[in-house]
2 protein chains.
Amino acid sequence: MFQLDPRSGVPIYLQLKERIRHQVTSGRLAPGTRLPTVRELAVDLRINANTVSRVYSELQREGYLETRQGSGTYVREVGRDLREARRDRVRELLREIVAEGLNLGYTQEELIAALKAEIDRIHDKDRRDSP
Amino acid sequence: MFQLDPRSGVPIYLQLKERIRHQVTSGRLAPGTRLPTVRELAVDLRINANTVSRVYSELQREGYLETRQGSGTYVREVGRDLREARRDRVRELLREIVAEGLNLGYTQEELIAALKAEIDRIHDKDRRDSP
DNA sequence: ACAATTGTACTAGGATATTAGGACAATGCG
DNA sequence: CGCATTGTCCTAATATCCTAGTACAATTGT
């Protein structure tokens, strides 16, 4: 279900966390969807159940999942305040990339142009997918 | 010469590395400029010479510096392919942010505005640090 | 050639991060 | 209620990271 690479240097729990987060934010895991149990996923990935639990817990704290003991872990519905929280994350990511971009010699204009270019890319892609 | 913050949580060597990288890419350290010796900088920053050496070595591997044993460490001309590689990386990160932002309901204009806001933030900060 | 100066290799201590094992707690369902 | 299933707490072993100390190697310049 989630493919990981133990030799990538990136900790397993981080890989898993980002995979799940991505599937949630991209909508490939719809709100309400029940995720595998920590033990199922642990066996599947050949890791410890606690490692999976850590991922679920952190994603819950960050507002992406909702875990109910005895029942399971579910993708959370996106409410208004939650949307705000995730927007904060986008801002955070933007801040990081601006810092890095400027550090690497990008000018402000180049950064903005690059952003616009990526926006156009995705727009074009959307248009092709659903004309 | 390089101001660091031991309590920032960011490892010393990383802080130093990014400072130097920034000064190189921004042109404040011109190609050919000789950097302080590892011992000079170590004394100045009250850290170990090996820590400085690590920074110099990594920046050399990444193409920003050129170190010659017995002589010193010099700023290198940042080549086109290096710049292109960095650029690809930033583009890739931007693509992910755009995807996530649009999924959260950002409009194109909001994304661009948010990026500009972050640019201004950092720009102001830079101005305070080195007017 | 020699001595001073440069960066580097090797090592290790200490801190932090990552993963795992086993017992526990909350929930659902017969 | 009783049992199975769920996530979680506590603990500990292990790995990794960061920094420093010391000795070494390459270069420079006299």
Side-chain angles (χ1 to χ4, degrees), chain A residues 1-21 24 29 31-77, chain B residues 1-21 23-24 29 31-76:
Chain A
M1 181 155 192
F2 301 99
Q3 194 147 358
L4 307 182
D5 178 8
R7 299 165 305 168
S8 79
V10 181
I12 302 290
Y13 86 95
L14 259 186
Q15 292 184 48
L16 180 59
K17 183 177 175 183
E18 294 313 314
R19 295 282 167 106
I20 295 178
R21 193 214 305 277
V24 171
L29 276 173
T33 306
R34 183 177 188 273
L35 294 178
T37 72
V38 292
R39 287 175 182 79
E40 278 172 12
L41 200 44
V43 169
D44 187 22
L45 301 175
R46 299 161 201 275
I47 61 181
N48 191 276
N50 261 328
T51 303
V52 179
S53 176
R54 173 179 182 173
V55 170
Y56 282 5
S57 299
E58 293 188 5
L59 285 175
Q60 179 187 40
R61 261 195 310 102
E62 297 171 24
Y64 296 91
L65 301 181
E66 179 181 2
T67 109
R68 295 197 294 272
Q69 201 157 305
S71 169
T73 301
Y74 305 83
V75 177
R76 198 171 147 187
E77 306 286 343
Chain B
M1 181 151 189
F2 301 99
Q3 193 146 0
L4 307 183
D5 177 9
R7 299 165 306 167
S8 78
V10 181
I12 302 291
Y13 86 95
L14 260 187
Q15 292 184 48
L16 179 59
K17 184 177 174 183
E18 294 314 313
R19 295 284 166 110
I20 295 178
R21 194 210 306 276
Q23 304 230 342
V24 171
L29 278 173
T33 306
R34 184 177 187 271
L35 294 178
T37 72
V38 292
R39 288 174 182 80
E40 277 172 11
L41 200 45
V43 169
D44 186 23
L45 300 175
R46 300 161 201 277
I47 61 181
N48 191 277
N50 260 329
T51 304
V52 179
S53 176
R54 171 177 185 175
V55 171
Y56 283 5
S57 299
E58 293 190 5
L59 285 174
Q60 178 188 40
R61 258 195 313 101
E62 296 173 25
Y64 294 92
L65 300 181
E66 180 181 0
T67 112
R68 296 197 294 273
Q69 201 158 304
S71 170
T73 302
Y74 303 84
V75 176
R76 199 174 146 187

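Sequence lines set the chain letters: A, B, ... in the order given, protein chains first and strands last, and positions in each chain run from 1. Everything numeric in this text was worked out from a predicted model, so none of it was measured.
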* Asked: Any side-chain N or O of B:T67 less than 4.0 Å from the OP1 or OP2 oxygen of C:dT6?
  ->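 No, B:T67 has no side-chain N/O under 4.0 Å of OP1/OP2 on C:dT6.
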For [X] and [Y], indicate whether the former's side chain and the latter's backbone hold a donor-acceptor pair under 3.5 Å.
X     : Y     : value
A:T33 : A:L29 : no
A:T51 : A:I47 : no
A:R34 : A:S71 : yes

* To do: Working to the nearest 0.5 Å, report the span between OH of A:Y74 and CG of A:L35.
  =>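 Rounded to the nearest 0.5 Å, the OH-CG separation comes to 9.5 Å.
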* Hey, what do you get for CZ (B:R76) to CG (B:L59), rounding to the nearest 0.5 Å? -> 12.0 Å
How long is the line joining [atom1] of [X] and [atom2] of [N], in whole Å?
X     : N      : atom1 : atom2 : result
A:R7  : C:dT18 : CZ    : P     : 20 Å
B:Y74 : C:dG7  : OH    : C1'   : 11 Å
A:E66 : D:dT8  : CD    : C1'   : 17 Å
B:Q60 : D:dA26 : CD    : P     : 15 Å
B:E58 : C:dA9  : CD    : P     : 13 Å
A:R61 : D:dG7  : CZ    : C1'   : 15 Å
A:L65 : D:dT8  : CG    : P     : 10 Å

* 5'-most by nearest nucleotide on DNA chain D - A:L35 or A:G9 -> A:L35
* Going through the checks in order, is the salt bridge (Lys or Arg N to Asp or Glu O under 4.0 Å) test met by B:E62 and B:K17? -> CA-CA 11 Å; B:E62 296 173 25; B:K17 184 177 174 183; 2.7 Å; yes
* **side chain to side chain donor-acceptor pair (under 3.5 Å) partners of residues 2-16 of chain A, not counting sequence neighbours, each pair once** => A:S8-A:Q15, A:Y13-A:R54
* Checking all strands, does A:S53 fall into the base, sugar-phosphate, or nothing category for heavy-atom contacts under 4.0 angstrom? ->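 Touches a base.
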Report each atom pair, protein N/O against N/O of nucleotides 3-6 of chain D, whose distance is under 3.5 angstrom.
| from | atom 1 | to | atom 2 | distance (Å) |
| --- | --- | --- | --- | --- |
| D:dT6 | O2 | A:G70 | N | 3.3 |

* Minimum heavy-atom separation for B:L45 to B:F2, with atom names? -> CD2-O, 3.1 Å
* With a 4.5 Å heavy-atom cut-off, do B:L41 and B:T37 have their side chains touching? ->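 SC-SC contact between B:L41 and B:T37 ruled out.
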Using a cut-off of under 3.5 Å, enumerate the N/O to N/O pairs linking the protein to nucleotides 18-21 of chain D.
| from | atom 1 | to | atom 2 | distance (Å) |
| --- | --- | --- | --- | --- |
| D:dC18 | OP2 | B:Y13 | OH | 2.9 |
| D:dT19 | OP1 | B:I12 | N | 2.7 |
| D:dT19 | OP2 | B:Y13 | N | 3.3 |
| D:dA20 | OP2 | B:N48 | N | 2.7 |
| D:dA20 | OP2 | B:T51 | OG1 | 3.3 |
| D:dG21 | OP2 | B:N48 | ND2 | 3.4 |
| D:dG21 | O6 | B:N50 | ND2 | 2.0 |

